[in-house]
There are 4 protein chains.
Amino acid sequence: MEVSLDLFSRQGYEAVSMAKVAKGVEISKGNLYNYFESKEQMLSEIVLNAVEEIYRDFDSNHDGEISHEEFLKFIDDVFVNMQQNRKFWKLVFSLLLQPNMLEIVEEKLSGLSKDIFGLFYTYFNKENPKDPVTEMVFFSSLLKGTMMQYVFAPESFDIDKLKHKIKLYYSNHCHQK
Amino acid sequence: MEVSLDLFSRQGYEAVSMAKVAKGVEISKGNLYNYFESKEQMLSEIVLNAVEEIYRDFDSNHDGEISHEEFLKFIDDVFVNMQQNRKFWKLVFSLLLQPNMLEIVEEKLSGLSKDIFGLFYTYFNKENPKDPVTEMVFFSSLLKGTMMQYVFAPESFDIDKLKHKIKLYYSNHCHQK
Amino acid sequence: MEVSLDLFSRQGYEAVSMAKVAKGVEISKGNLYNYFESKEQMLSEIVLNAVEEIYRDFDSNHDGEISHEEFLKFIDDVFVNMQQNRKFWKLVFSLLLQPNMLEIVEEKLSGLSKDIFGLFYTYFNKENPKDPVTEMVFFSSLLKGTMMQYVFAPESFDIDKLKHKIKLYYSNHCHQK
Amino acid sequence: MEVSLDLFSRQGYEAVSMAKVAKGVEISKGNLYNYFESKEQMLSEIVLNAVEEIYRDFDSNHDGEISHEEFLKFIDDVFVNMQQNRKFWKLVFSLLLQPNMLEIVEEKLSGLSKDIFGLFYTYFNKENPKDPVTEMVFFSSLLKGTMMQYVFAPESFDIDKLKHKIKLYYSNHCHQK
DNA sequence: TATGAATGAGAGTTCATTCAT
DNA sequence: AATGAATGAACTCTCATTCAT
């Protein structure tokens with residue numbers, strides 16, 4: 001499954017045939033179907049796996065109300081996760097932006113997204129009660145854009161400086177005006 | 001070609017067979033090849049077309065140095081263009097995030113990106129001489145994230161409010177600290 | 001038609017599409033069908049044309065009985081013709097050796113072959129009455145092999161020396177033993 | 001593979017589609033590609049196979065210098081081989097005379113040709129030191145013409161008589177004058 | 001006479017999936 | 001648990017030919 005994630009992430013889901021996966025894990029094509037019902041189901045499980053891991057990371061730290069420090073910590077976490085699971089995120093983006101994505105995968109991912117950003121609604125609500133939703137959307141855009149840039153061209157910019165700038169932005173509260 | 005853009009944008013380049021395109025424009029598969037040498041070339045031409053249109057929009061307004069007003073105007077333009085060419089941008093994102101993208105398309109797009117963002121380097125250099133590059137990356141992330149969210153789920157948020165917030169951010173200069 | 005012969009000879013009948021021919025003669029594909037009913041018929045006419053020309057060359061010189069000098073002259077003629085119509089012969093060989101050749105073409109060519117070699121039956125009958133048929137076959141093999149080698153790799157040997165050797169062979173009568 | 005050789009030989013490489021081959025061996029088109037990477041590679045393997053067999057036949061008998069008896073034996077061998085592998089030779093001729101032949105096939109065949117005829121250069125050099133090359137070309141033409149006639153119309157002449165005549169020619173040394 | 005848009009059959013090839021062993 | 005031969009549908013692309021203009 002690690003091999004599959006690697007292949008899918010590197011070459012794209014469509015471009016990786018079951019034959020390639022089979023060769024990658026050095027078993028026969030036929031045997032692959034003893035472990036996964038279909039190619040779709042295989043992808044689905046890969047995504048599930050990774051999503052669960054990500055939940056594990058975040059759920060432990062962030063439940064209930066969120067303080068300012070926890071918010072900044074969350075940003076740190078996102079950057080760490082993004083760098084650790086780059087392959088997964090690359091796959092996710094290439095899937096997300098491909099219309100007609102597998103339904104189950106779509107559900108899981110949009111669930112993840114909702115859970116994470118939902119968690120911060122209360123936070124933003126407290127910080128900027130005038131329009132917390134737009135505050136959320138802004139934050140979400142910023143993070144998604146960052147991830148996208150990092151995931152597909154990690155060497156094209158200094159990620160730590162960007163992280164610093166984002167944290168700075170949310171520290172000096174100037175976004176509240 | 002409009003039909004192709006529509007189909008590619010809706011279902012993804014890989015998922016749209018030449019047969020589907022042919023059916024879409026109600027001609028025979030064979031005849032399609034009187035107009036386009038190959039599927040790749042067809043995509044390439046679609047992208048070229050749209051890229052040229054975009055250049056036309058921006059080049060007219062922005063040449064040489066950029067004032068603060070022009071910068072804000074540019075943000076407006078991006079939002080207008082994003083809304084007008086949503087199909088194209090959807091296609092672009094789905095292509096960009098697919099590994100092994102067609103080379104010609106890649107060239108065109110990275111050229112467009114460089115030209116546009118390069119234009120703003122001088123602007124940011126003036127506004128925040130300490131670290132204009134990170135400023136650019138931040139701006140680029142924000143816009144890309146916004147586009148991505150809009151392009152794939154336009155109904156999920158109020159785009160005008162987001163635009164307003166972005167312009168506000170760049171107006172009160174708090175990002176310079 | 002010269003263009004067609006050139007193309008067919010150079011690239012092979014199968015490999016030359018009607019589009020290529022049309023481009024070669026700089027008329028439209030459609031118009032081509034005003035002159036030739038089909039691709040087959042086009043080939044047929046090309047072959048016919050050339051065959052007639054060859055008949056014209058030989059018929060004038062060789063009718064009725066053949067003397068030894070006329071026989072040697074014939075060999076000369078074959079070599080001249082082979083060098084002049086190399087393109088045609090190249091096409092002929094590539095057609096002959098392709099099974100399922102067009103019937104009409106096949107007829108014409110086998111007719112040509114029979115006429116020419118038939119002409120020499122009487123000659124060989126006189127020269128070597130014991131087995132004129134084998135004498136003919138030997139002669140025919142020698143000439144066909146020579147043509148084939150010349151037509152497909154003219155630069156690979158000295159054709160004049162070969163001609164000289166063949167004529168020498170038929171001059172010193174040692175083949176009659 | 002025997003079926004393929006048979007089909008290719010009978011109908012010509014171009015004219016035989018993979019579908020026909022598949023039908024011939026009564027498996028699906030798709031399955032064919034488990035055995036051969038492509039149509040070209042299939043042809044290539046057929047040719048390789050036959051060429052190796054031919055090498056096996058000749059290499060065992062003829063190494064180093066060649067006596068007159070061995071030379072006559074070689075002619076015998078050629079006739080035997082020609083009759084045994086008629087299908088293969090038919091395919092070879094139809095390929096050779098088709099422009100743009102597959103490179104790999106061409107290599108194998110020209111290699112075979114060079115090896116075999118090269119072997120006889122020393123022989124002719126001894127027999128006719130004045131012009132061994134033309135002697136070779138003459139011999140080569142004669143054999144190629146014979147093969148061509150036999151391969152495409154075996155019933156049109158008595159091959160044994162022709163063989164006899166050829167051997168006779170090379171026996172009474174009258175070609176040396 | 002000339003065009004070129006249009007067609008449909010068929011080419012080689014790929015691939016997810018199945019199944020007897 | 002494991003194989004790999006087998007399948008059939010789908011893919012991109014080609015081409016001889018037709019026909020309205």
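Looking at heavy atoms from C-beta onward, D/Gln41 lies out of side-chain contact with D/Ile104 at the 4.5 angstrom threshold. Looking at B/Tyr33 and B/Met18, their side chains come closer than 4.5 Å, going by heavy atoms from C-beta outward. By the 4.5 Å heavy-atom criterion applied to side chains, B/Glu52 and B/Leu48 are counted as neighbours.
With the 3.5 Å cutoff on both pairing distances, Watson-Crick and G-U pairs in DNA chain E assemble into runs of at least 3 at E:2-21 with F:2-21.
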Going 5' to 3' along nucleotides 13-21 of chain E, which nucleotides have protein heavy atoms under 4.0 Å from the base (write B), which only from the sugar-phosphate (write S), and which from neither (write -)? BBBSBB---
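Atom CG of D/Leu5 sits about 13.0 Å away from atom CD of D/Glu45, to the nearest 0.5 Å.
Considering only residues two or more places apart in sequence or on other chains, C/Tyr13 meets the ring pair (Phe, Tyr, Trp, His ring centres under 6.0 Å) condition with C/Phe8.
Sequence order on DNA chain F of the closest nucleotides to A/Ile27 and D/Leu32 puts A/Ile27 first from the 5' end.
In this model, a side-chain donor or acceptor of A/Asn34 finds a partner on the base of F/dA2 within 3.5 Å.
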If you look only at distance, which donor and acceptor atoms sit under 3.5 Å apart when one is on a side chain in residues 86-93 of chain D and the other is two or more places apart or in another chain?
residue: D/Arg86; atom: NE; partner: D/Val151; partner atom: O; Å: 3.0
residue: D/Arg86; atom: NH2; partner: D/Val151; partner atom: O; Å: 3.0
residue: D/Lys87; atom: NZ; partner: D/Asp6; partner atom: OD1; Å: 2.8
residue: D/Trp89; atom: NE1; partner: D/Asn81; partner atom: OD1; Å: 2.9

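Residue pairs meeting the salt bridge (Lys or Arg N to Asp or Glu O under 4.0 Å) criterion with at least one partner in residues 100-112 of chain D, sequence neighbours excluded, are absent. For residues 20-31 of chain A, the pairs satisfying side chain to side chain donor-acceptor pair (under 3.5 Å) are A/Gln11-A/Lys20, A/Asn31-A/Asn34, with sequence neighbours left out.
Among the heavy atoms of the strands lying under 4.0 Å from C/Tyr35 are primed sugar atoms or P, OP1, OP2 only; no base atom is included.
Note: NZ (C/Lys23) to P (F/dC15) measures 12 Å, nearest angstrom.
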